[in-house]
Asks: 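Provided herewith is a single structure, encoded as structure tokens, for subsequent inquiry.
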Amino acid sequence: MGESSTMATLLNAVLWLPVVGAALLIALRGNERAVRTTTVTVLTVQFVLTAVLYAAFDGQIAGLQFGTVIPWIAQWGVSYRIGLDGVNVLLVLLTGFLGPLVVLGAWRSIEKQVTLFHVMVLLLQFAMMGAFLAQDLFLFYVFWEAMLIPMFLIIGIWGGARRSYATVKFVLYTAFGSILMLLGVIALVQVLQQQSGTASFAFADLYTTKMPVQLQVLLLSGFALSFAIKVPMVPLHTWLPDAHVEAPTAGSVILAGVLLKMGTYGFMKLGFPLFPDATRLFTPVLMTLSVISIVYGACLALVQTDIKKIIAYSSISHLGYVMLGLLSLELVGIQGAIVQMVSHGLVAGGLFLLVGMIYERCHTRELSAYGGLARLVPVFGVFFVIFMLASVGLPTTSGFTGEFMSLLGAFSAAWPQHLDGNNLPLVLAIVAVSGVVLGALYMLRLALTFLFGPVRAPHQPFTDLTGREVGILSALVVAIFALGLFPDSALRKTEGAAKQYQQLVSTSRVPADAR
Amino acid sequence: MDKTTLLLCLAGALFTIGLAGVVIRRNALVMLMCMELMLNGVNLSLVTFAQERGDMAPAILVFLVFVVATAEVALAIPIVLLLVKHRRSLDLGDYDVLKG
Amino acid sequence: MPGNLTLTAMLPEHFLLSGIVLLIIAEIARKGSKLGLWIGLAAVIAAATSAGWLAANDLSSQPFPWHFSVTPAVLTAKALLLALAVPVVLMSRTEFSDGEFNILLLSSLYGLCLLPSADSLLVLFLGLELMAMPVYALILLAFRRPESAESALKYLVLSGAASATFLLGVSLLYGSTGTLTVNAFAPLITSSDLMARAAVVCVLLALFLKAAVVPFHMWAPDTYEGASVPVTAYMATLTKGAVLLAAVQLFGNASLADPSARYVMELMAALPLVSIVWGNLTAMRQTSFRRMIAYSSIAHAGYLFYAFLGTPQGRWQAVLFYIVAYSAANLLAFAMMPVHEDDAARDRLDTLDGLFHRDPMAASLIAVAMLSLAGLPPFPGFTAKFVIFRSVVAAGFSTYALLGLLGSFLGLFFYLRVIQRMFMRESTVSAAVPPRAITGVGFARLAGVLCLAATLLLTILPGWML
Amino acid sequence: MTSGFPHLLAAIALLPLAGFLLNGTFATALGGHRFSHRTAALVACATPIAAFALTVMAFFQLQGQGFDPIVEPLYRWATVGDSSFDIAFYFDRLSAVMTLIVTGVGSVIHIYSTGYMHDDKSFGRFMAYLNLFLFFMLLLVLGRSMLVLFVGWEGVGLASYLLIGFWFDELANAQAGRKAFITNRIGDAGFLLGMFLLYRAFGTLDMDTINSAFISGSGAMVSASLVGLLLFVGATGKSAQIPLYVWLPDAMAGPTPVSALIHAATMVTAGVYLIARMAGIYVHAPEASHVIAVVGVLTAFFAATIALVQTDIKKVLAYSTVSQLGFMFLALGVGAYGVAIFHVVTHAFFKACLFLGAGSVIHALGGEQDIRKMGGLRTKIPFTFWTFVIATAAIAGIPGLAGFFSKDEILWYAFASEAGGATWLWAMAAMTALMTAFYMFRLLWLTFMGPSRMSHEVEHHVHESPFSMTGVLMVLAALSAFGGYIHIPHFLEPLLPLPGVQVAKEHFEQPLLIVSIVLAFTGLGLAVFFFGGPASRPEAVKQALLPLHRLLSGKYFVDELYERVIGRPLVWISERVLLRMGDQMLLDGSLNGLASLAQRSAGLLARVQNGSLHFYMMFVMIGLAGALLWSWRHG
Amino acid sequence: MLAVMGVIALISAASMLVLRQPMRVAIALISTMSSLGAIYGLLGAHFLAAFQVLLYVGAVMVFMVYVIMLLEVREGPNSPRASRWAIPGVALLLVLTGVLGITFLNAGLPSGTLVGARPFSISEFAAVFLRDYWLEFELTTVYLVAAIVAALAVIRVSRRSHG
């Protein structure tokens with residue numbers, strides 16, 4: 001008992017540390033070095049705490065652990081309700097892990113408004129952590145939207161030439177989804193209140209809400225649109241390439257590493273379990289969209305000339321696997337989806353860091369401006385190849401674990417349906433597997449032009465990676481291989497939650513009289 | 001059609017003419033007079049109702065309207081004068097610097 | 001509790017009145033410019049505090065039965081509105097140095113205080129007039145640019161039309177019911193009598209006119225632009241809020257879900273919805289800050305009237321919360337607007353370009369204000385919208401809620417553009433006037449900080465007000 | 001079971017990995033080239049040799065327990081619900097053969113490489129990659145679960161990619177690597193699907209379990225043929241069969257030891273291994289087996305025809321490899337799994353020898369690969385020459401040498417197997433054998449015999465390779481000569497029983513043997529006739545059959561076909577349809593359209609606000625009239 | 001009589017829309033107001049009638065006329081009398097009048113009521129005003145004070161802007 005309350009305190013500390021840090025930064029009054037050091041320290045402490053919590057977390061339990069509940073807006077049943085469960089535990093760890101790396105990665109590249117930048121990074125970290133930890137729909141929504149603003153500023157202030165367009169697109173896109181979700185939230189809580197007589201925003205209570213299918217469909221569309229934009233799923237993706245291209249490295253890393261996971265996390269935590277019947281009704285549509293995302297993202301990545309765009313489109317493709325795994329409702333697929341989320345965070349984050357490092361040196365992201373970098377900066381080349389392979393999903397890397405398990409889940413779900421005469425899921429699974437080939441195609445194209453062939457790069461000569469950079473990347477590489485070679489411990493942590501998700505989505509929640 | 005209805009119709013007509021006067025007439029002073037006309041129309045309806053019911057309350061309101069209308073004119077005329085001074089025109093159509 | 005009911009129940013009004021008298025005396029003694037601010041401030045604070053104190057003591061009384069009454073809820077509203085007037089008084093210092101401003105403001109506030117307490121339509125009418133009339137003068141008062149006169153005239157004419165329409169409605173109401181009490185209005189809504197309906201429509205439209213709801217909004221942008229910053233701030237927040245509170249009082253327990261109130265429901269849904277869209281769309285293209293805020297306030301009027309679609313039980317709370325959240329944010333933005341010798345220049349949006357580089361605090365606070373106005377969490381603007389839309393959904397008007405939310409999405413763009421200007425552009429103001437050169441900047445800052453405190457309080461503890 | 005050495009099999013696999021990590025870190029730019037060439041070479045060679053030694057140990061252990069498979073779990077990769085994915089090693093007769101070949105041939109090629117690559121500036125990197133390859137290859141052959149096999153499977157693909165593109169300064173080399181990787185990936189997609197299907201049916205990916213499930217008949221849930229075909233798609237990728245063979249000839253861009261090790265001896269036979277390993281499925285999948293046989297024989301035939309006219313020494317060998325792999329698949333297709341493995345083994349010996357010999361020639365000539373610019377090397381590099389002769393003879397099927405035995409058995413089963421043998425299969429295979437003999441001897445003659453066609457400068461520099469290379473050549477030549485006497489099919493028979501022979505064809509065995517001997521010598525004779533004599537003779541044939549020649553030297557224009565049919569349309573669709581029309585026009589276009597619509601309507605609304613009080617009041621009137629009229633509704 | 005006064009009021013009001021000279025408009029308005037005063041008187045509200053004449057005609061309109069004379073505005077024959085929205089304005093005028101008229105015609109007015117049943121006396125008015133409507137009375141004073149301050153302020157501003 002005592003231990004778990006200690007852990008709950010730690011969890012609160014994890015959440016609020018960045019805010020404290022941000023306050024500290026403002027107090028530092030522009031001492032740049034101190035600002036950077038403080039930020040890294042704060043985020044490192046945060047990461048250590050998440051690691052401790054991760055270690056203490058028992059994955060076999062389906063429910064909440066280390067929870068805190070404080071009534072907030074008591075009249076509506078809104079509480080400050082946070083806690084770890086199997087769905088968020090890995091993502092919290094990932095967020096904590098990427099935090100210090102992002103700041104270290106931006107050590108050199110951010111030169112103006114240093115304090116503001118770090119304050120924004122900390123606030124963003126706070127909002128992201130909050131969104132993952134929240135177990136109350138209102139709280140979740142608040143954090144969900146709160147992520148928007150720091151990201152808006154990060155891209156808008158430190159971004160590239162077309163940043164204005166990109167930020168507006170990013171914000172309006174995401175906000176559009178959020179608005180519809182907001183309506184869904186309101187309606188959902190209203191339904192719950194009518195049913196149970198008490199107002200509550202707690203996830204656990206909302207999971208018991210019974211609704212006729214039509215209502216579920218309506219509400220799911222609101223939630224799903226919001227999440228699908230964040231994921232992003234084709235055809236709601238066009239904000240992502242622009243945002244990625246214009247964002248500074250740190251922004252891209254956070255965006256790819258954590259923010260995109262919000263969408264899939266949202267689906268897993270809310271969208272699907274809240275409306276199981278509608279979900280099952282829409283599974284074919286959503287699966288088709290996921291597979292289209294996989295192929296479409298890959299195809300577009302194939303013809304981009306901007307390095308960041310290639311990685312951006314690859315993100316669209318990779319997150320399609322996550323969706324596929326989640327929709328399979330097979331345990332292996334669900335688990336795979338979680339791993340794929342984390343893996344994509346590590347891999348895409350790493351790739352964006354790498355591109356950022358080369359951009360710092362050469363000031364262009366145009367693919368055709370480069371060639372033979374493996375000769376010029378071999379250490380960079382080595383890391384690039386490792387991340388590229390992880391992105392391609394080569395076994396022993398985390399990318400493989402995620403893709404393999406997601407696809408296995410999708411296929412395992414599809415085959416019996418195929419035997420029953422429903423061929424669509426099988427066709428989708430097969431097309432999704434072809435994404436594996438396309439993935440190799442565009443990543444290898446990138447590597448080919450970028451790393452190999454005769455040496456070609458603007459602003460030569462430049463130095464190979466520095467110790468700081470190697471350190472950042474090595475941390476990511478270790479994580480990638482750890483998840484690729486020994487995913488079991490991670491899977492154990494998520495097992496209970498995955499089962500709960502499976503059970504929630506599989507059980508009909510249509511009221512008896514509405515059937 | 002009894003008297004009450006006719007008086008009310010007259011009140012409505014006066015009110016509407018007052019409104020329409022602001023739309024139609026360009027002269028600022030005429031416009032102010034039209035606004036007075038509106039209030040007069042309303043007053044008429046109030047008095048009609050008051051007499052119909054034999055109650056004092058609307059009469060009080062009419063009295064208040066007198067006061068308000070007077071105050072409004074007292075404020076409006078200096079404003080118009082100020083405008084005339086700056087725009088050298090009484091034409092409402094010239095008072096359209098603020099727009100968009 | 002002091003014995004005299006009239007004295008205690010109207011304590012806030014009395015404080016305001018004493019303030020007015022003291023100010024007039026000071027003005028006559030030619031000490032107005034020195035003492036004006038302090039007297040005004042003291043009167044407003046005293047009034048707000050007394051209202052709050054009375055509310056805390058659960059005072060519920062009718063000093064003038066059928067004319068004027070107070071309940072704790074009404075007193076809370078008064079206390080909050082008067083408290084919101086404090087920043088207005090504080091920020092006035094940058095534009096006004098004489099005592100007249102404070103006399104007129106206090107008079108207007110006096111009228112404002114009457115609105116939520118009014119039990120009689122006569123008092124309501126007087127309250128509306130007393131609130132509006134000093135504002136005509138206030139618009140002109142600074143007279144930094146000739147457009148002020150045009151602005152005042154437009155307000156005067158449209159406001160006069162509103163009064164006339166209101167009176168027409170009142171007379172028809174009297175014709176239908178034979179009384180002039182406020183609570184005669186609500187039952188009228190469900191009447192099928194044409195005259196009763198005409199009465200409802202006229203009163204409603206008069207309120208729309210006062211609160212600037214499309215298509216009765218057109219005075220607002222011109223007036224806001226021509227007025228000075230504190231006056232615009234006052235108009236955009238407090239007067240609008242008071243009108244809304246009056247509307248809530250008028251509607252009482254009437255539920256618009258009643259089928260025979262269908263036409264009111266449709267008006268109450270359609271016009272505010274159009275307002276939301278119209279205001280938010282038009283605000284996109286503005287280059288004047290106050291004009292932009294005017295369009296924003298048109299949209300916000302739309303949200304506020306949306307609250308009437310909801311169930312009657314939570315309406316008061318919802319509207320009051322919205323007003324406070326919205327006003328705090330708006331006042332915050334106005335208070336932090338960079339000062340300038342030239343009012344037209346101060347008003348131009350491009351003076352905000354690169355503000356963060358010149359004045360990080362002002363830029364950050366304005367950014368907070370914009371986000372709150374845009375309704376983004378965690379700021380109270382979001383909670384306020386949430387309350388309103390929740391009640392709309394609870395009443396079964398989900399489609400209107402959806403349309404309203406989509407309309408609010410349109411608004412995001414221009415609020416964010418302000419932030420973009422402040423944070424992401426280079427400063428175009430070559431030699432910004434040093435803030436010290438203009439008096440009262442410190443007071444304006446204080447006003448901003450107060451509004452920020454209110455905003456943050458509502459962010460962290462929205463339940464405190466709900 | 002595990003006497004003395006707890007993780008013997010794991011150690012076999014992990015040793016090369018250790019080598020890779022050491023060299024990869026310390027002998028490359030990553031660690032600042034801290035290892036000297038000598039240290040790097042030592043580390044790189046010691047690990048495979050040690051692995052080989054351990055393999056031998058494991059073999060004796062296996063023998064000691066009566067060839068009961070050794071199962072060695074290492075750790076649990078993942079647990080999902082009730083089923084789990086274990087990382088475990090499995091060592092039975094088949095694995096033993098493959099492991100021995102991989103570590104054995106691997107070791108000698110490592111040694112050879114230390115000589116061959118000695119002057120390369122990225123020597124450490126090269127050796128590291130070789131070790132990495134070996135690690136993955138060992139995972140592939142030792143894995144118990146298909147998952148482990150797949151790890152190795154993709155891993156060797158990676159190593160192959162890295163090694164083909166080893167000299168990446170030349171863009172073409174890197175492109176060849178990419179082509180190999182992607183072509184393999186296409187196959188891997190099929191493999192994955194097969195794996196998924198098996199997992200769905202059995203809830204496990206352990207190959208021994210799956211096999212026995214099929215054999216015991218409990219695998220009725222899935223069609224064996226479907227699984228078989230899917231796995232075969234994977235095999236066509238890795239083992240360069242039609243339609244995915246195109247990468248292998250290009251893969252010759254890598255250093256020659258790579259071609260020997262990966263693209264001849266070991267990796268490309270992984271597909272054969274896979275199918276032999278999953279024989280339990282194929283036994284029950286006659287349709288799939290038939291497809292394999294047909295694809296195999298067609299690949300063998302067409303690759304051989306292309307090899308007839310190639311002029312690059314390594315390209316000839318590459319097509320020959322494709323062709324030989326076709327033979328192996330033919331054997332698999334007719335159920336003679338043991339024979340296929342037998343050919344894998346012998347092929348590993350002679351093809352490694354040939355490639356290394358070719359490497360020695362190229363080394364001697366300072367990089368020249370065009371056989372038209374060689375000739376007369378017989379005396380200049382005698383060790384190379386003689387070993388090359390032996391290996392050529394072996395592949396050509398000259399009786400007594402390794403290739404003869406395995407190839408003959410394949411031909412026989414292609415003809416007579418009860419599991420799908422057919423005369424036309426035999427006929428095609430026999431024709432291929434004839435062509436094999438012909439083009440191999442053509443290669444031999446053009447390279448070593450006759451007058452020198454080298455430029456003077458090149459000729460001046462010709463030198464025999466160092467002992468590290470020639471020694472290896474001799475070892476391999478010896479194996480090519482005598483390897484055939486180890487009768488692998490017999491050894492594997494308890495595991496992979498040979499198919500029965502169609503009764504009607506039983507008495508054809510002797511005649512066919514003679515036919516194949518005759519074919520081998522005919523090929524030899526023809527080659528000597530055309531290329532031992534004046535150059536006008538082949539030229540005359542070439543002129544006579546010019547269109548055919550052009551078709552063959554153009555490799556049937558398959559690459560071009562793929563480019564036209566798949567490559568370009570893919571890019572076209574992505575660029576024009578998806579990017580331009582989809583993303584830019586449709587999605588962003590409509591978004592920007594909406595945005596400009598909003599802007600324009602904002603402008604319109606702002607124009608409504610025209611500043612005129614008349615107009616404002618008119619709006620009030622409209623509103624008033626409208627609202628009053630509205631209130632009349634709903635009487 | 002009532003009808004005559006009503007017609008006069010209506011005609012003079014309508015003429016306000018068409019008369020060119022402001023002075024004539026003012027006279028028309030005065031005429032309207034006077035007839036309204038007469039109507040009030042006829043209805044029995046003598047007190048209000050008196051106020052109507054005193055306050056409106058006596059005070060407001062005199063002020064207005066004074067200003068008209070002060071400005072000496074004479075619209076030339078060329079300057080357009082009507083705004084650009086005159087035609088829709090007239091149309092709306094007709095529509096709105098019609099709507100209001102129909103409303104009144106269809107209104108469920110209690111029929112047969114006695115107009116001026118209770119004579120309207122000034123003393124009663126004063127008594128009621130000061131007894132029942134004391135608050136309104138007080139508020140009116142506040143309003144007037146504020147109005148005076150406001151008017152002074154506006155005048156001060158116009159004086160300031162002059163200099």
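In what follows, chains carry the letters A, B, and so on, assigned in the order in which the sequence lines appear, proteins first and then strands, with residues in each chain numbered from 1.
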Asks: Look up atom OG in E/S35 and atom CG in B/L14, then write down how far apart they are to the nearest 0.5 Å.
Replies: 8.5 Å
Asks: CZ of B/R87: more than 12 outside heavy atoms within 6.0 angstrom?
Replies: yes
Asks: Out of B/V73, B/I77, B/L81, return the one with the most heavy atom pairs under 4.5 angstrom to chain E.
Replies: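 Of the options given, most contacts go to B/I77.
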Asks: Let me know if E/V99 has heavy atoms under 4.5 Å from chain B in its side chain, its backbone, both or neither.
Replies: neither
Asks: Can you tell me which portion of E/I39 sits under 4.5 Å from chain B's heavy atoms? Options are side chain, backbone, both or neither.
Replies: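 Just its side chain gets close to chain B.
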Asks: So which part of E/F51 gets closer than 4.5 Å to some heavy atom of chain B, the side chain, the backbone, both or neither?
Replies: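 It is both, since atoms from each part get that close.
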Asks: Evaluate the side-chain proximity of E/Y143 to B/V67: yes if any heavy-atom separation is below 4.5 Å, no if none is.
Replies: yes
Asks: Looking only at side-chain N and O atoms, does E/Q52 offer a donor or acceptor that is under 3.5 Å from a partner on B/N40?
Replies: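 Indeed, the side chains of B/N40 and E/Q52 share at least one donor-acceptor pair under 3.5 Å.
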Asks: Based on non-hydrogen pairs under 4.5 Å, which of B/V80, B/V22, B/L32, B/N43 is most in contact with chain E?
Replies: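 Top count of heavy-atom pairs under 4.5 Å with chain E: B/N43.
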Asks: Between B/A20 and E/G89, which heavy-atom pair has the shortest distance, and what is it?
Replies: CB-O, 4.2 Å
Asks: Specify which of E/L36, E/T140, E/T32, E/L94 makes the most heavy-atom pairs with chain B at under 4.5 Å.
Replies: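 Answer, by heavy-atom pair count under 4.5 Å with chain B: E/L36.
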Asks: Less than 4.5 Å apart, side chain to side chain, heavy atoms only: is that true for B/L7 and E/L43?
Replies: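 Counting from C-beta outward, B/L7 and E/L43 do come under 4.5 Å.
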Asks: With a 4.5 angstrom heavy-atom cut-off, which part of E/A59 approaches chain B: side chain, backbone, both or neither?
Replies: neither
Asks: By a 4.5 Å heavy-atom criterion (distance strictly below it), what part of E/F137 contacts chain B: side chain, backbone, both, or neither?
Replies: neither
Asks: Which bit of B/I79 comes within less than 4.5 Å of chain E, counting heavy atoms only: side chain, backbone, both or neither?
Replies: both
Asks: Heavy-atom pairs under 4.5 Å with chain B: which of E/I87, E/L92, E/L96 has the most?
Replies: E/L96
Asks: Which pair of heavy atoms, one from B/A13 and one from E/L10, lies closest together, and at what distance?
Replies: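 Result for this residue pair: CB-CD1, 3.8 Å.
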Asks: Should B/T4 and E/F104 count as side-chain neighbours, where that means a heavy-atom distance under 4.5 Å?
Replies: no
Asks: Quick check on the interface: out of E/A3, E/A9, E/A26, E/A147, who has the most heavy-atom pairs with chain B under 4.5 Å?
Replies: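 Counting heavy-atom pairs under 4.5 Å, the top option is E/A26.
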Asks: Between B/L19, B/T16, B/V23, B/L10, who has the most heavy-atom pairs with chain E when the cutoff is under 4.5 Å?
Replies: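 The residue among B/L19, B/T16, B/V23, B/L10 with the greatest pair count is B/T16.
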Asks: What closest approach, in Å, do E/G101 and B/C9 show between heavy atoms, and which atom pair accounts for it?
Replies: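 For E/G101 versus B/C9, the nearest heavy atoms are CA-SG, 4.0 Å.
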Asks: Looking only at heavy atoms, which two atoms of E/L17 and B/R25 are closest? And how far apart?
Replies: O-CD, 3.3 Å
Asks: If you take all heavy atoms of B/N27 and E/P22, which pair is closest and at what distance?
Replies: ND2-CG, 3.4 Å
Asks: Which atoms of E/L139 are under 4.5 Å from chain B, going by heavy atoms: the side chain, the backbone, both sets, or neither?
Replies: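 For E/L139, no heavy atom lies under 4.5 Å from chain B.
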Asks: What distance separates E/L48 CG from B/F66 CZ, expressed to the nearest 0.5 Å?
Replies: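 The CZ atom of B/F66 is 5.5 Å from CG of E/L48, to the nearest 0.5 Å.
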Asks: Show the nearest heavy-atom pair for residues B/V47 and E/A45, with the distance to one decimal.
Replies: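 In this case the closest contact between B/V47 and E/A45 is CG1-CB, 4.2 Å.
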Asks: Find out whether E/F63 and B/T70 are in side-chain contact, i.e. whether some heavy atom of one side chain is under 4.5 Å from a heavy atom of the other.
Replies: no
Asks: Which bit of B/A11 comes within less than 4.5 Å of chain E, counting heavy atoms only: side chain, backbone, both or neither?
Replies: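 No part of B/A11 comes within 4.5 Å of chain E.
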Asks: E/Y56 versus B/L39: any side-chain heavy-atom pair under 4.5 Å?
Replies: yes
Asks: I'd like to check B/M33 versus E/I68 (side-chain heavy atoms, cut-off strictly below 4.5 Å). Are they in contact?
Replies: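 Counting from C-beta outward, B/M33 and E/I68 do come under 4.5 Å.
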Asks: Heavy-atom cut-off 4.5 Å, strictly under: side chain, backbone, both or neither for E/A146 against chain B?
Replies: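 Neither part; nothing is under 4.5 Å.
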Asks: Enter the distance from E/R159:CZ to B/L82:CG here, rounded to the nearest 0.5 Å.
Replies: 12.5 Å
Asks: Just how far is it from atom CG of E/L100 to atom CG of B/L8, taken to the nearest 0.5 Å?
Replies: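 The distance works out to 10.0 Å.
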Asks: Are the side chains of E/M16 and B/V30 in touch, meaning some heavy atoms are under 4.5 Å apart?
Replies: no
